[in-house]
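Here the structure comes first, spelled out in structure tokens, and everything after it is commentary.
Note that these values count all heavy atoms, side chains included, but never hydrogens, waters or copies made by symmetry. Chain letters run A, B, ... following the sequence lines, proteins first and then strands; every chain starts at 1. In this text the structure is predicted, and so the values were computed from the model without any measurement.
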Amino acid sequence: MMSAVPDPVAGTPATLGVPDLTTWLRRYAAEIVAHEQELTDLDAAIGDGDHGANMTRGMTAVVAVLDQTPFETLDALAKKVGMTLVSSVGGASGPLYGTFWLRFAKPLSGLARTDAATLGLALRAGVEGIQQRGKAEGGDKTMLDAFLPALAAYDAAVDAGAEPTAALRDAATAGRAGCAATVTMVARKGRASYLGERSAGHQDPGATSAALLLECAVS
Amino acid sequence: MMSAVPDPVAGTPATLGVPDLTTWLRRYAAEIVAHEQELTDLDAAIGDGDHGANMTRGMTAVVAVLDQTPFETLDALAKKVGMTLVSSVGGASGPLYGTFWLRFAKPLSGLARTDAATLGLALRAGVEGIQQRGKAEGGDKTMLDAFLPALAAYDAAVDAGAEPTAALRDAATAGRAGCAATVTMVARKGRASYLGERSAGHQDPGATSAALLLECAVS
Amino acid sequence: MKKLINRPQDVVAESLRGFALAHSGKVRVDHDLATVYRAERPLLGTVGLVSGGGSGHEPLHAGFVGHGMLSAACCGQVFTSPVPDQVVAATQQVDAGAGVLHLVKNYTGDVMNFEMAAEIVADTADIEVATVVLDDDVAVQDSTWTAGRRGTGATVFAEKLAGAAAEEGRPLAEVAAIARHVNENARSMGMAIAPSTVPTAGKPNFTLGEDEMELGVGIHGEPGRATVPYAPAADIARQLAEPVLADLPFAGGDRALVLLNGMGATPLIELYLMYGEVAAILAGHGIEVVRPLVGNYITSLDMAGCSLTVLRADDELLRLWDAPVETPALRWGR
Amino acid sequence: MKKLINRPQDVVAESLRGFALAHSGKVRVDHDLATVYRAERPLLGTVGLVSGGGSGHEPLHAGFVGHGMLSAACCGQVFTSPVPDQVVAATQQVDAGAGVLHLVKNYTGDVMNFEMAAEIVADTADIEVATVVLDDDVAVQDSTWTAGRRGTGATVFAEKLAGAAAEEGRPLAEVAAIARHVNENARSMGMAIAPSTVPTAGKPNFTLGEDEMELGVGIHGEPGRATVPYAPAADIARQLAEPVLADLPFAGGDRALVLLNGMGATPLIELYLMYGEVAAILAGHGIEVVRPLVGNYITSLDMAGCSLTVLRADDELLRLWDAPVETPALRWGR
Ligand SMILES: Nc1ncnc2c1ncn2[C@@H]1O[C@H](COP(=O)(O)OP(=O)(O)O)[C@@H](O)[C@H]1O
Ligand SMILES: Nc1ncnc2c1ncn2[C@@H]1O[C@H](COP(=O)(O)OP(=O)(O)O)[C@@H](O)[C@H]1O
Ligand SMILES: [Mg+2]
Ligand SMILES: [Mg+2]
Ligand SMILES: [Mg+2]
Ligand SMILES: [Mg+2]
């Protein structure tokens, strides 16, 4: 999981800026490519076997945007990422991750850097966007089962005075644990729900890509 | 190859009668069923994998005729067998075996029993019928490669004074050898010819069912 | 994995290239947005019909674009719903002043992407959009707490019948009502004897033993509700027909349109045989099949298997079914 | 072997049962003789068209019975030509005073059974019979010393085009001449990535490794001329198109009807992709495809693969192609 890229947040512990978010996204794109087969295999087991290809297509498009366009503010960047994902991914994950970034952008309006608290608002807005769009809840065996505990862990860390890096690290840990917890769940949303009880025993692909996303913020 | 049925010709060495031909055909039907898979496998290798089913369908229909209709003469029986095969088999083997029996009938017109010489004429008429219908020659890797040497051996035996049983036994031996010789041949007729050189190395299914037919006359 | 393809990522784009050439003059393909349109402009004042979904279900949906059926089909990647951009563009293109009906198969991805598209159209254009979500697959338990039932064979009927209504110049609400009526009166169930392989995945989505089959499969290569013993056709027909008939429920005296659909790799000789078995069961229930359709209409790549869809018919549906249609995959009356 | 069937021996009869139900009102099936007729009586003074062959190639031939195409199709067992009784009965049934054309694919069994049937008709009835044998498959070396080339995709064209000529009321000699002209101007080549399984055989006719394909296959599950490395679609298209184009030979400026045919288990998404590749090659040779046909038309049970047929077209053939046809598998103009 640990990438060789140096911690972008480390040098600027109190805030997260456009370069940091850019690095986060590039690292995520690389990790998605590295995990494409794993995501596809997880999706084949309880879905339709395209989550790896979907996420790779989307994050490749995001990297192409990053390569082409300089962004001045966090919200401009996040909004463009969201629109790019919506326009390139399709399936369930496209609108959900797309909505995540589109909503993530809002609390960061006009900001080139954000502190831990505002970043928390952005994360919350993003996760609530996923909930609104997909109408799933925690325990339904979806990406929310990584996002929701991650969000709670982030907020708790910030409440305890943590800087973004530390709070994101807690979020990543909680997200990974939440993802692991999907193994035993019976799916109630998404394609996996068609399997009923047979969906238990498999890790949710979307929760896996979500856990990866959180880990890429800090690793 | 040896069946448990007693030799029908043994008791009447000088002639072959309607009951003998009936027994021959019933024994052949049983052997075809016993070899159905083998014939199909041979046909699958260089043809289309239906020779076993084709011959089983045809000989089952022949047995049904034998069960229903008593025949007074050899030609009436042989003609009915030929028509039954033509009407029930299809493919290449249907018209060929059908023609064999239809032509086989002619020299036996009105006879309830035949001697070795007339039986030889019937066999020759049958084999020539196959040649006319299928326009193949010896060496083309077809049933003729069993029939032609069998016919020659039969004639030689009769020329040397053999009774039907002995002559048919020689024919069966030559037919089996001729069938074995098809293994190395490159097919020039029938479906196997599509394979060109690739047809070599496989025994011809039609030659195999023909060798069986001759063996059933005497075993 | 052996398929008649080049690079797995290019399958949809390259297949559409061939489709466009094979049906030039009849359809027009926007290759940038992987969307198929009728070659002829829509008649002013008629409702536009837009459908779409993941690819891999051919001829659905692209093969149903044409007179009397769809106005446009948005093609997603294999088993991946299209993106909103495609649906927005298609909606704008086919609107002829009478609004546009979105026909959406009930899958989370399809529903969300069409939903986002409809939101964008509502925000940016003055086009009335109605949406009908199809969910006819009885293999999946229906519940407000789940993703709900899948849209399968009823989609073919809805596209034909709503398409015929649109062609008659009927208003959006009526065209949508017909699609909804079709969905409410249709039930489906599918099975597979061999799984499909998504090109980019490179291996089958599930595996089956020589004496197993998958019952209650969808059209995305997903495993079914249960792996059951492989059975003769007569038995399979029963396992498909009984849950279908019980669910609506259908009753003696009902007239029905019936689709016996191949999953992509099952030859017609088997599909006709299966139809014979199904027809016997329906006859046994006193259901009269007034229009049968047998063939590959909504497939799952190279999956071997079939699905059964039964639609309770009335005179109006029959009239709409018999109306002329001219698409790559369904054609009569012209 | 898993198939949607009951007992292997009953496949043809049971499939015909379903076929008859699926197309009742349009076709009539003589189940005793496994022969499919048009439901409507032949028009007095028109030539009857009888074809047939082994089953397993659906929709060929039964799916091509109807207005503008065949008068009758005699269905043999799987991969086994029909018997003369079937052909004799069909010939007698469809004769409307203008004689009957037998369209026969060049396989030893088909040729001999149709030949015997023609002899029986000549001996017993006052019906003029003409026979055209189709042998368009360039994979097989032609020679008077062999069984000659196989009849494959050209059969579909011959049935449609001779059928249209018969529908126009043209005399037997002219209808036969059209079929012969089609055969002389058409060439085909096929390939497979997976073999077919004859139900009564119970296992595949040949085996292929994960990186092998069979080039020059026919439609009876027989192995091809060579096992070659599995290749991308663009390469396969070249391996099919080059021998086809070289054989006639076709030349720049030629107009062509093209059939990109599936072998039974290959989904449309792949067939369209293959068609795109083939079309590009034909364009590169300056050949103009005036009528493309993509789909499963002459299949080999559940074989995965495709075949290409190119027919050099002239105005007359185009006119006949565009003439109305109404059969289970090919329909336009009515
Ligand atoms: N309603 C939902 N809410 C949240 N996440 C969902 C929902 N439905 C599906 N997902 C997530 O999407 C993932 C599947 O994404 P993907 O395979 O790309 O799309 P599709 O299911 O359309 O093929 C699932 O693993 C799950 O985590
Ligand atoms: N022209 C021919 N002359 C003699 N025998 C032939 C000819 N063509 C084929 N055969 C025989 O027929 C056999 C195949 O019979 P069968 O499999 O029943 O028919 P089909 O080839 O039509 O499937 C071949 O093995 C060969 O012995
Ligand atoms: Mg998926
Ligand atoms: Mg054979
Ligand atoms: Mg998907
Ligand atoms: Mg055969």
Do you know which of C:Lys2, C:Met303, C:Met1 has the most heavy-atom pairs with chain D at a distance under 4.5 angstrom?
C:Lys2

State, with a plain yes or no, whether a side-chain heavy atom of D:Glu58 is found less than 4.5 Å away from one of C:Leu271.
no

What option among D:Leu260, D:Val289, D:Asp10, D:Val11 has the most heavy-atom pairs under 4.5 Å with chain C?
D:Val11

C:Ala279, part contacting chain D, at a heavy-atom distance under 4.5 Å
side chain

Picking from C:Ser15, C:Pro292, C:Gly295, which has the most non-hydrogen pairs under 4.5 angstrom with chain D?
C:Ser15

Looking only at C:Ser300, C:Ala233, C:Gly18, the option with the highest number of non-hydrogen pairs under 4.5 Å against chain D is C:Ala233

Output for pair (C:Leu268 CG, D:His57 NE2), nearest 0.5 Å, gives 13.5 Å

Counting only non-hydrogen atoms closer than 4.5 Å, does C:Val278 touch chain D with its backbone (N, CA, C, O), its side chain (CB onward), both, or neither?
neither

Region of C:Met263 in contact with chain D, defined by heavy-atom distances below 4.5 Å:
neither

With a 4.5 angstrom heavy-atom cut-off, could you sort out which part of D:Met191 is near chain C: side chain, backbone, both or neither?
side chain

Under 4.5 Å from any heavy atom of chain D - which part of C:Glu277:
both

So which of D:Ala13, D:Pro267, D:Pro59 has the biggest tally of heavy-atom pairs under 4.5 Å with chain C?
D:Pro267

Under 4.5 Å to a heavy atom of chain D? For C:Leu301 that would be both

For the aromatic rings, using the six-membered ring if either is Trp, is the centroid distance between C:His23 and D:Tyr272 under 6.0 Å?
yes

Working to the nearest 0.5 angstrom, can you tell me the gap between C:Ile193 CD1 and D:Asp302 CG?
8.0 Å

Heavy atoms only, distances under 4.5 angstrom: which of D:Ile269, D:Ile5, D:Val294 has the most pairs with chain C? Name it, please.
D:Ile269

Does D:Leu4 reach the side chain of C:Thr266, with side-chain heavy atoms less than 4.5 Å apart?
yes

I'd like to verify something: which residue of D:Ala194, D:Pro199, D:Gly333, D:Ala280 has the highest number of heavy-atom pairs under 4.5 Å with chain C?
D:Gly333

In terms of heavy-atom proximity below 4.5 Å to chain D, should C:Phe19 be classed as side chain, backbone, both, or neither?
both

Is there a side-chain contact between C:Leu273 and D:Lys3 in this structure, where contact means two heavy atoms from C-beta onward sitting under 4.5 Å apart?
no

Max heavy-atom pairs within cutoff under 4.5 Å with chain C, candidates D:Trp332, D:Tyr230, D:Tyr275, goes to D:Tyr230

Between C:Arg331 and chain D, which part of the residue has a heavy atom less than 4.5 Å away: side chain, backbone, both or neither?
both

